There are 2 protein chains.
Amino acid sequence: MSEELSTELKILEAAKKVFLAKGFSGCTTREIAHEAGENVALVNYYFRSKAALFDQVFQSAIEELMYILVDIFKSDISLKEKIAEFIDREYAFISSFPGLPMFILSELNREDGAQLKNKQMFEMVANSGVFDQMKEAQESGEMIEIDLYGITVLLMSNCHYPFISKNFVSSLLGVADEHFETLMDAHKIHVKNMILTYLFPIK
Amino acid sequence: MSEELSTELKILEAAKKVFLAKGFSGCTTREIAHEAGENVALVNYYFRSKAALFDQVFQSAIEELMYILVDIFKSDISLKEKIAEFIDREYAFISSFPGLPMFILSELNREDGAQLKNKQMFEMVANSGVFDQMKEAQESGEMIEIDLYGITVLLMSNCHYPFISKNFVSSLLGVADEHFETLMDAHKIHVKNMILTYLFPIK
DNA sequence: ACCCGTTTTAATCAATTGTTTAAATCATTT
DNA sequence: AAATGATTTAAACAATTGATTAAAACGGGT
């Protein structure tokens with residue numbers, strides 16, 4: 001027997017779904033209320049405004065995405081293992097929420113749009129000792145010379161973009177929806193091999 | 001002395017600028033008209049509707065992005081050179097229009113949004129003989145086994161995403177705007193090395 | 001049964017939206 | 001200069017937007 005959600009939670013869940021799919025400018029409060037099966041006025045009653053509700057959804061989306069990073073990077077494994085693990089977990093996670101990367105990136109691009117507030121997450125990565133690990137691996141020659149920006153964009157590019165570009169590439173190459181998951185699995189293998197052998201070349 | 005643009009062109013250029021920056025749902029016809037310095041009614045007078053104007057902007061954006069691909073792939077150089085050249089030209093082009101990838105991807109994601117109409121471009125790539133070149137390079141063992149999807153997503157990921165994620169990564173790592181171009185130049189080197197050595201490993 | 005704070009509802013608000021209209025202006029031809 | 005068609009303008013249209021209101025319904029405590 002399914003537990004009934006509170007009205008506030010129903011609206012929040014509906015907002016997540018609708019904002020993720022359509023973005024802030026692409027939907028209305030009425031649409032969110034209808035998705036939640038509640039009265040329009042309740043959106044403002046519980047969340048003050050559309051913008052405030054959006055902000056709550058956005059910040060939690062960011063945190064969900066960053067959590068994987070923090071969780072892996074503070075663990076007690078080698079840098080190479082961390083990166084391999086990150087790619088695996090990132091693909092698995094985004095497969096469950098394919099709209100998440102596009103949502104975050106496009107809303108960060110919107111004028112007067114979402115802002116990264118919670119730098120706490122980044123600081124947790126910084127304090128995980130992973131940067132020392134990087135420096136060490138580079139000094140020993142195990143890892144190539146590459147800065148934090150390069151490694152970040154390299155990983156994010158190859159983990160996020162395949163999902164972001166689904167509609168584009170699929171319609172360009174004529175890929176059916178049911179084949180997408182298989183393609184993504186195959187692509188992850190390529191990405192892992194490519195990035196790991198590039199960052200950690202066999203001497 | 002600057003040549004005066006026709007009203008129709010002024011509106012079209014303004015529409016490109018505004019749509020690229022804010023997307024279809026993120027702007028109004030009045031905003032476009034104001035950017036063009038023209039009366040609101042002229043938008044509909046020349047382009048029938050906001051949607052029709054958008055469609056025109058979107059299709060031309062797609063064509064601009066695809067033109068590089070066609071132009072390089074039909075040229076008479078080796079596959080490896082084509083890929084290297086593609087990365088160079090893609091970075092140079094997108095540096096001039098940094099909003100283009102995000103615009104196309106996010107509008108293709110929008111419900112009832114933009115659709116890829118012009119498959120002519122893809123057919124020109126298909127007819128360029130580049131697929132035969134791929135098959136040949138793989139049979140000779142010069143290139144690794146990877147399908148068209150894999151190679152497409154690999155290239156697009158590493159050429160588009162760095163620009164798409166500018167706001168995200170910049171604010172995450174605290175990168176100032178004036179350093180972005182330098183970072184991007186450095187990143188292109190990594191991307192080129194990484195992709196080329198992965199696809200064409202030295203035996 | 002009554003009270004009282006919380007939640008929910010339907011109705012309404014002013015502002016903004018894309019689009020249309022009808023009149024005014026312009027440019028070209030006769 | 002008169003006439004014609006194309007262009008431009010200001011005004012208005014109905015529909016939709018985020019948000020607010022006041023009254024109704026609900027629920028726990030006495």
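Naming: A, B, ... by sequence-line order, numbering from 1 per chain. Source: prediction; values computed, not measured.
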Report the distance from atom CG of B:D55 to atom C1' of C:dG18, rounded to the nearest whole Å.
17 Å
Could you tell me how far apart B:K50 (NZ) and C:dT16 (C1') are, to the nearest whole angstrom?
12 Å
Whole angstroms only, please: what is the CD-C1' distance between B:E31 and C:dT17?
12 Å
With the threshold set at 4.0 Å, does a side-chain nitrogen-carboxylate oxygen contact exist between B:E107 and B:R110?
yes
To the nearest angstrom, how far is A:E8 atom CD from C:dT6 atom P?
14 Å
Measure the distance from NE2 on B:H34 to P on D:dA10 and round it to the nearest whole Å.
13 Å
Between P of D:dT20 and CG of A:L42, the distance in whole Å:
14 Å
Using a strict 4.0 Å threshold on nitrogen-to-oxygen distance, state whether A:K80 and A:E142 make a salt bridge.
no
Please verify the inter-ring angle class for A:F54 with A:F58; under 30° counts as parallel, over 60° as perpendicular, anything in between as tilted.
parallel
Nucleotides 10-15 of chain C: protein proximity per nucleotide (B base, S sugar-phosphate only, - neither; heavy atom, under 4.0 Å)
B-B---
Out of D:dG18, C:dT19, D:dT8, which nucleotide sits closest to the side chain of B:Y45?
D:dT8
Could you state the CG-C1' distance from A:N44 to D:dA19, rounded to the nearest angstrom?
5 Å
Ring pair (Phe, Tyr, Trp, His ring centres under 6.0 Å) against A:F73, all qualifying residues, sequence neighbours excluded:
none
Evaluate A:Y161 against B:F163 for ring-ring contact (aromatic ring centres under 6.0 Å, His included), listing each step before the verdict.
CA-CA 11 Å; A:Y161 193 90; B:F163 296 93; over 10 Å; no
Given D:dG18, D:dT8, C:dT20, which nucleotide is nearest the side-chain atoms of B:T7?
D:dT8
For residues B:R89 and B:I68, report the shortest heavy-atom separation together with the two atoms involved.
CB-CG2, 3.8 Å
Selection from D:dG18, C:dT7, D:dT8 that lies nearest to any side-chain heavy atom of A:Y46:
C:dT7
Once you round it to whole Å, what is the distance between P of C:dT19 and CD1 of B:I11?
13 Å
Does a nitrogen or oxygen in the side chain of A:S49 sit under 4.0 Å from OP1 or OP2 of D:dG18?
no
Crowded around B:E181 CD? As in, over 12 foreign heavy atoms under 6.0 Å?
no
